[in-house]
There are 2 protein chains.
Amino acid sequence: MDHECTVYKTVDYLAKKWTLMILLELYKGKEWKRFTEIKNSMKEITPKMLSERLAELEMEGLVENRIDASSFPVRSEYRLTGPGTELITVIHDLKKWALKNKIVNSTCANQDCKICIL
Amino acid sequence: MDHECTVYKTVDYLAKKWTLMILLELYKGKEWKRFTEIKNSMKEITPKMLSERLAELEMEGLVENRIDASSFPVRSEYRLTGPGTELITVIHDLKKWALKNKIVNSTCANQDCKICIL
DNA sequence: CGGTATCCTTTCGGATACTG
DNA sequence: CAGTATCCGAAAGGATACCG
């Protein structure tokens, strides 16, 4: 939309399809994850989408990428940056708000969600 | 997208165009605001969009509507509910995160933003 | 005033194929 | 393996007109 307000800018890219899922996928488990590894963990995503979203997140400084070109095939891995990890806290707050105020009966409420693992 | 995860569900509707702007518009100033009053404060929005978004937000329990049908023209007013107001806190946290981690030089950082007023 | 209805444009994302 | 290129369909949103 092209905003000047920080809040709108931030939500604009966080809100895109797959973005949150990718962030949470990178948040769980191991530090560095390979492209295909991320892709396989999100059954429905296309390489095009994953590629686009990772590029955006890298530009926003939430994700970093390291490439080992000496090996073949090239090994490319991603992880959350510091800011990226800190954002998870805010997302967790959002979840707490939702569970407190809106969700009446959800498996999400009884336990840590298996999907977002928050 | 049709998620089962609380977090995704929540972001799915918060992320729609105009939604955040409407919430913040209702957050500032007076308690109850009329349809046209909201519309005029957001120069670019069409009545269709405002109507759709308000309906969604009402369904989600973030906004409530009262109608005075005895007057003519009918007087219809909106305001944030309790949960709606609490959400503003989370949005504020998101802003703080963005200013701390991402925004280098923004008028937003020096003062409360004139747009989101957070 | 407070919306709906209709139509139309634009954007987004999916499917698929291909490449170094 | 880690993507990119191309094409296409669905859906979101804008413009405009109209109505109780």
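These numbers come from the heavy atoms of this one structure, side chains and all, not from hydrogens, waters or symmetry mates.
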From [atom1] of [X] over to [atom2] of [N], roughly how many Å is that when rounded to an integer?
X: B:Ile38; N: C:dG3; atom1: CD1; atom2: P; result: 9 Å
X: A:Asp12; N: C:dC12; atom1: CG; atom2: C1'; result: 14 Å
X: B:Arg53; N: D:dG14; atom1: CZ; atom2: P; result: 9 Å
X: A:Lys17; N: D:dA11; atom1: NZ; atom2: C1'; result: 11 Å
X: A:Leu50; N: C:dT16; atom1: CG; atom2: P; result: 18 Å
X: B:Asn40; N: C:dC1; atom1: CG; atom2: P; result: 8 Å
X: A:Lys39; N: C:dT16; atom1: NZ; atom2: P; result: 13 Å
X: B:Arg66; N: C:dC1; atom1: CZ; atom2: C1'; result: 16 Å

To the nearest 0.5 angstrom, please state how far the [atom1] atom of [X] sits from the [atom2] atom of [Y].
X: B:Asn40; Y: B:Glu25; atom1: CG; atom2: CD; result: 10.0 Å
X: B:Thr81; Y: B:Asn65; atom1: OG1; atom2: CG; result: 12.5 Å
X: B:Tyr27; Y: B:Thr85; atom1: OH; atom2: OG1; result: 8.0 Å

Pair A:Leu87-B:Leu94, side chain to side chain contact (heavy atoms under 4.5 Å, CB included): steps then yes or no: CA-CA 8 Å; A:Leu87 177 63; B:Leu94 184 64; 3.7 Å; yes
Which of these nucleotides, D:dC1, C:dC1, D:dG14, is closest to any side-chain atom of B:Thr36? C:dC1
Would you say D:dA15 has OP1 or OP2 under 4.0 Å from some side-chain N or O of B:Thr46? no
Less than 4.0 angstrom between a side-chain N/O of B:Arg34 and OP1 or OP2 of C:dG2, yes or no? yes
List the steps and the verdict of salt bridge (Lys or Arg N to Asp or Glu O under 4.0 Å) for A:Lys96 and A:Asp93. CA-CA 5 Å; A:Lys96 284 187 282 188; A:Asp93 288 344; 3.4 Å; yes
Clusters formed by hydrophobic residues whose side-chain heavy atoms approach within less than 4.5 Å: which one holds B:Met59, and what are its other members?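 For B:Met59, no cluster forms, as it stays isolated from other hydrophobic side chains.
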Which letter, B, S or -, goes with each nucleotide of nucleotides 3-10 of chain D from 5' to 3', with contact meaning a protein heavy atom under 4.0 Å? BB-BB---
Checking B:Glu56 now: which residues fulfil salt bridge (Lys or Arg N to Asp or Glu O under 4.0 Å) with it, not counting sequence neighbours?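 B:Glu56: salt bridge (Lys or Arg N to Asp or Glu O under 4.0 Å) contacts with B:Lys16, B:Arg53.
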